[in-house]
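Chain naming here is simple, since letters A, B, ... match the order of the sequence lines and numbering starts at 1 in each. Side-chain atoms are counted along with the backbone in the values below, which use heavy atoms only and exclude waters and symmetry mates.
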Number of protein chains: 2
Amino acid sequence: MKKRIKKIYDLVDDDLDSIILYNSTKPHIDLSFYYVTGLVNGEFEGSAVLIYPDQTADILTSKLEEESAKKADMPVTTVGKRDERKTWLKEKFQGMKRIGVNSTELTYHAYMNIKEATDAEIIDISDVIIEARNLKDEDELKRLRKACKIASRVAEQMIDFIEPGMKEYDLAAEISYRMRKQGGSGDAFDIIASSGPNSAEPHYTAGDRVIEKGDFIVLDFGSLYKRYRSDITRTYVVGEATKKQKKIYETVLKAHNEASEMIKPGVKGETVHNKAAEIINSTEFKGRFTHGLGHSIGLSTHDGSGLSPSVDVTLAPGMVYTVEPGIYIPGYGGVRIEDDIVVTEDGCEILTDANRDLVEL
Amino acid sequence: MKKRIKKIYDLVDDDLDSIILYNSTKPHIDLSFYYVTGLVNGEFEGSAVLIYPDQTADILTSKLEEESAKKADMPVTTVGKRDERKTWLKEKFQGMKRIGVNSTELTYHAYMNIKEATDAEIIDISDVIIEARNLKDEDELKRLRKACKIASRVAEQMIDFIEPGMKEYDLAAEISYRMRKQGGSGDAFDIIASSGPNSAEPHYTAGDRVIEKGDFIVLDFGSLYKRYRSDITRTYVVGEATKKQKKIYETVLKAHNEASEMIKPGVKGETVHNKAAEIINSTEFKGRFTHGLGHSIGLSTHDGSGLSPSVDVTLAPGMVYTVEPGIYIPGYGGVRIEDDIVVTEDGCEILTDANRDLVEL
């Protein structure tokens, strides 16, 4: 992926001889390894890719994954024992003075291996990696679109499935199954299927609570598709919604709509968050929106950036963020509505197109 | 989990003031955080646990996960902004001279945060963490047993499900669904459902190949249960097996049985691997067993140790390893039979109890 290597070097404000992306054992894989190689299949534990300013690259992997690695159209070296890996690093680093690493996805152990193999200065360029990955290219958007489509169709299908008497984990099982049947390769993250009072916990997953009439049901899930992830949340009411439930839902939906409408190039991420927060805080539900409005999504569910007061980012075409306002009332329940939105040249496009009006099941 | 903190300090050959287990963003979570806290629910991105020689501990987390963290019965501090986290670290590290870290699960970025907060010497104790986690206690074995039972039942159920005309990913979807319906909380790793020639690739996952009569079907999967993972592989033949298929299957099964029978305290992991390799290499399938015999399993699928020539370990009660010999013939197909086995006081016990005789579907 020469264009992605170029993108990274164009953003680097330093004179580097190379950048190494070095995986450890799962789950400690640097997802940027997949970004620069474009690979889809393979685990690549202990593998590395070295990228150079002239946009060439070298992959180091094991015999077991040689065939998978070759699909990257980059030179591949395989090593067996640990010593051979050290030798390879030493040879490649020969004569280099400044080497970039991605500190947020490199283990300290792998860093020490790199240090052992070279006297070069090690420069942390993780900010640049996040910035490059935050601007999705056409191939990435294609995969994200598909991942979003899979999740959207399942969100709509679940409306006919949910019934009182089911358990939360029945819903999680069904969501996971249906995403795979639509062509997804797995869950993007632990599925949240929360009901009744559990819906007030934003990070609840799914338990054995039995669904009852009157419950809020919050389903928060996403599909993996060729290593890219979607992330959608829909909230339903089992039976007829009470006045209070309607009020909560409408407040969240208003915050969602008005914040989403602000998304376009040049706008600060923080400003979009503040819009949603203001809308919620101007109602009786003040203080009940307890997290950031959204996070960038791509190879990782939390891809390094966000729409939040603690992230300094100016929106640009190709960025993809979740927009997920919520209201959480402990002991009572909660509502969250979440979509994945790509910034376009003159505004934005919602990639998760499932219906978001209140559904009374 | 005082007993686990004690276990770690008993193994440390150094005079440490504390050990910090510090999570970054998913997937870069130190699974040892769950080991010492015993927590099941919660993502704990950016959270940390500090453990002390007197078996006390301190948890640092965000407001969002405060309630989840409190279930650990350890003091919990919540922080909002990044600066507050630094202040907390500085205060806790005050007066300390030697601090342990788990380099294999700590990002280099998090390591730099620690360095910024203290002048203490930072000691890598990842070997000790692996050693401690490799000796499972009763509570861990209980969870592993359940994860293995879930996977075993599904392996047996799949016999009635597989039919020519289905696609590999139909099998993966079904396996995932059935594990959840049995009480599992998700896939332990990407499910492998390979058929025909694809079964010759040990790390293949699942694609859209249509299953045909005469195929080998290799299903390699595991369930998550309360953060612990199982890992089972069964190979089936669609229709009547040929003489060659039977020969391959019987060779792998013989290697599996004879290697498993050797497992008991005091035996070297390498010796168990060599037994399986010898059996396969004494047949016409010499050289077709291309990976290590097994890996330790627990909170992580590859939990840091292995039955392999490249790992120096002497078996002891409480260790849990996969035993997974295989024969892979490129372009033709492959067979792998895998179980999870716990070392007991006087031998071993196979935790994945699904039938492992040849099944012709």
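The contact between B/Ile29 and chain A is made entirely by backbone atoms, counting heavy-atom distances below 4.5 Å. Residue A/His302 touches chain B through both its backbone and its side chain, counting heavy-atom pairs closer than 4.5 Å. For B/Ser310, no part lies under 4.5 angstrom from a heavy atom of chain A. Using a 4.5 Å cut-off between heavy atoms, A/Glu65 contacts chain B through its side chain alone, with no backbone atom that close. Interface remark: B/Glu67 contributes no atoms to any contact with chain A (heavy atom separation under 4.5 Å). Interface remark: B/His28 contributes backbone and side-chain atoms alike to the contact with chain A (heavy atom separation under 4.5 Å).
Across all their heavy atoms, A/Ser176 and B/Ser176 have their closest contact at OG-OG, 3.6 Å.
If you tally non-hydrogen atom pairs under 4.5 Å between each of A/Ser24, A/Gly42, A/Ala172, A/Gly304 and chain B, the highest count goes to A/Ala172.
Rounded to the nearest 0.5 angstrom, A/Thr25 OG1 and B/His295 NE2 are separated by 11.5 Å. Between the NZ atom in B/Lys63 and the OG1 atom in A/Thr290 there is a gap of 11.0 Å [rounded to 0.5 Å]. B/Leu31 contributes atom CG, which lies 12.0 Å from atom NZ of A/Lys26 (distance to the nearest 0.5 angstrom).
Below 4.5 Å, heavy atoms of chain A meet heavy atoms from B/Glu105, B/Leu106, B/Thr107, B/Tyr108, B/His109, B/Tyr111, B/Met112, all part of residues 105-112 of chain B.
The shortest distance between side-chain heavy atoms of B/Asp190 and A/Ser185 does not fall below 4.5 Å.
When the options A/Arg180, A/Lys181, A/Glu174, A/Arg178 are evaluated for a side-chain contact (heavy atoms from CB on, under 4.5 Å) with B/Tyr177, the one that passes is A/Glu174.
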